[in-house]
Amino acid sequence: MSASTLTPRTESYLQEVARRLPPGARADVSRELRGTVADMVDDGVAQGLPPDEAERRALEELGDPALLAEDYGPGPRHLIGPAHYHDFLELLRVLVPVLAGLFGGLTLLGRLFGEAGREDLVSYLVLSLAPAVGAAIQGALMGAGIAVVVFAVVERTEAAEAARRGDRGGTGGQAPPRWTVERLPPPRPERDGTAGELVWATIALGLAFAAPFLLSRPLFREGPLAGEPLLDPAVWTPWVPLYLGIVLLAWGWELLRFRRRRWSWALFGINAVLDLAMAALLVTVLRTESVVNPVLRERGWVGDEFAQIGVAVVVGVTVWDLVATFLSCRRSVARQH
């Protein structure tokens, strides 16, 4: 049997081994195991076994993918047993960024609105960011703790059940049942984005959505600029509703990309349209409208270079996002073929 013509059952076995390994080692180990399985199947066929039975015996001789991956791993893993360690890491990668993002993002939004109007800008930022950072750290620690507790309970529950079965059947101390290919799960579809990335994108877009409302609140509670917002109230019609609409469409695109699992050129095209639409809107407003409250301009708080700097920032961010998403899409599409 050629290594390039292995069946889906063998590919599933290789996936189960590779997903438990560090990303840098997966390709080499998969290549080695693919050749090993092909040689073992050829030997079985040469002994008169049907190809399907030869493949089955080869995989069962290699044994449980979780234990085989442990042999190829960088070192022993004793916090969680090898059968559950990779699942523990996957839960950790989801819970930590999700809870950190939720706790930190919601706290930041609340503090930005709650502290608006302070005379000292530095105090405003510190009093908004410091609690958000603390909340994000709390969320991350909570996510890690939940993952550890869940799998600690799973490990001990399975061990207790195995001990009870051994006591009842009088087979204590026997080796666990032999692994067979029937225990292989179906092949898992790959995903380019994670739940954590979706949460952080949602938080970023939530801050972008809240920006016009925050900038429309008074900057200072006392002094000559008391009651004056940074954003010119005239910008609200019609520009701000258009801006908010594009932000909502961008969030819908993030949800669509998460549901589709993999990049496609259609998704890249939609993202490019949204990027260019947002850039066109912001550049148009910066070049034709008085974005900043005229009172602040009259008193010299904002200079004429504000619009030029704003346009440069918008163009730079747009180009960077288009290039980054193009490269991500191209890599993903190449892996799919």
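What you see is a predicted model; the values in this text were computed from it and never measured.
Note: the hydrophobic cluster containing V153 does not contain L91 (ILVMFWY, side chain heavy atoms under 4.5 Å, direct or indirect links). Cluster membership for V311 and V317, using ILVMFWY side-chain heavy atoms within less than 4.5 angstrom, is not shared. Connection of L49 to M40 is not established within any shared hydrophobic cluster, with ILVMFWY side chains joined at heavy-atom distances below 4.5 Å, either directly or through further cluster members. A continuous path of Ile, Leu, Val, Met, Phe, Trp and Tyr side chains, each step under 4.5 Å between heavy atoms, connects L256 with V247, placing both in one hydrophobic cluster. Under the 4.5 Å side-chain heavy-atom criterion for Ile, Leu, Val, Met, Phe, Trp and Tyr, L282 and F213 are members of the same hydrophobic cluster.
Annotation: side chain of I270 is not in contact with side chain of V273 (no heavy-atom distance under 4.5 Å). Counting only heavy atoms from C-beta outward, the side chains of M278 and T318 never approach each other to under 4.5 Å. Contact annotation: the side chain of N271 approaches that of D321 to within less than 4.5 Å [non-hydrogen atoms, C-beta and beyond]. Using a 4.5 Å heavy-atom cutoff, the side chains of L255 and T202 are not in contact. At least one side-chain heavy atom of T284 sits under 4.5 Å from a side-chain heavy atom of W239. By the 4.5 Å heavy-atom criterion applied to side chains, V150 and F88 are not counted as neighbours. Residues V17 and S30 form no side-chain contact, since every pair of their non-hydrogen atoms from C-beta on lies 4.5 Å or further apart. Counting only heavy atoms from C-beta outward, the side chains of I146 and L99 approach each other to under 4.5 Å.
Separating the CG atom in L274 from the CG atom in L248 is a distance of 11.0 Å, to the nearest 0.5 Å. Note that CG of L276 is 12.5 Å distant from CG of L281, once rounded to the nearest 0.5 Å. Going from atom CZ of F103 over to atom CG of L141 covers 10.5 Å, rounded to the nearest 0.5 Å. Note that CG of D275 and CG of L322 are 5.0 Å apart. Values are rounded to the nearest 0.5 Å. Note: L205 CG to L249 CG = 11.0 Å, rounded to the nearest 0.5 Å. We find the CZ-CG distance between R9 and L59 to be 6.5 Å, quoted to the nearest 0.5 Å.
Of all heavy-atom pairs spanning G143 and L95, the tightest one is O-CD1, 3.7 Å. Minimum heavy-atom separation, P97 to W200: O-NE1, 3.4 Å. Nearest heavy-atom pair, L92 versus A144, reported as atom, atom and distance to 0.1 Å: CD1-CA, 3.5 Å. Minimum heavy-atom separation, A279 to V314: CA-CG1, 3.8 Å.
Formation of a donor-acceptor pair under 3.5 Å by the R20 side chain with backbone atoms of A69 is not found in this model. Looking only at distances, no side-chain donor or acceptor of S12 sits under 3.5 Å from a matching main-chain atom of P8. Judged by distance alone, with hydrogens and angles left aside, the side-chain atoms of W253 form a donor-acceptor pair with the main-chain N or O of L267 at under 3.5 Å. Looking only at distances, no side-chain donor or acceptor of S332 sits under 3.5 Å from a matching main-chain atom of C329. Without hydrogens or angle criteria, Y13 side chain to V181 main chain gives no donor-acceptor distance under 3.5 Å.
Under 4.0 Å is where a charged nitrogen must lie from a carboxylate oxygen, and between R93 and E90 no such pair does. Using a cut-off of 4.0 Å between Lys/Arg side-chain N and Asp/Glu carboxylate O, D87 and R19 are scored as salt-bridged.
The ring of W236 has its center no closer than 6.0 angstrom to the ring center of Y243.
Under 3.5 Å, the side chains of E55 and T7 contain a donor-acceptor pair of N or O atoms.
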Test side-chain contact (heavy atoms from CB on, under 4.5 Å) on R260 and R257 and set out the steps.
CA-CA 5 Å; R260 293 289 298 274; R257 185 170 75 92; 5.8 Å; no
Please assess R57 against E61 for the test salt bridge (Lys or Arg N to Asp or Glu O under 4.0 Å), listing each intermediate value before the final yes or no.
CA-CA 6 Å; R57 292 196 179 185; E61 184 176 340; over 6 Å; no
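A tilted orientation is assigned to the rings of W265 and F326, their planes being inclined by 30° to 60°.
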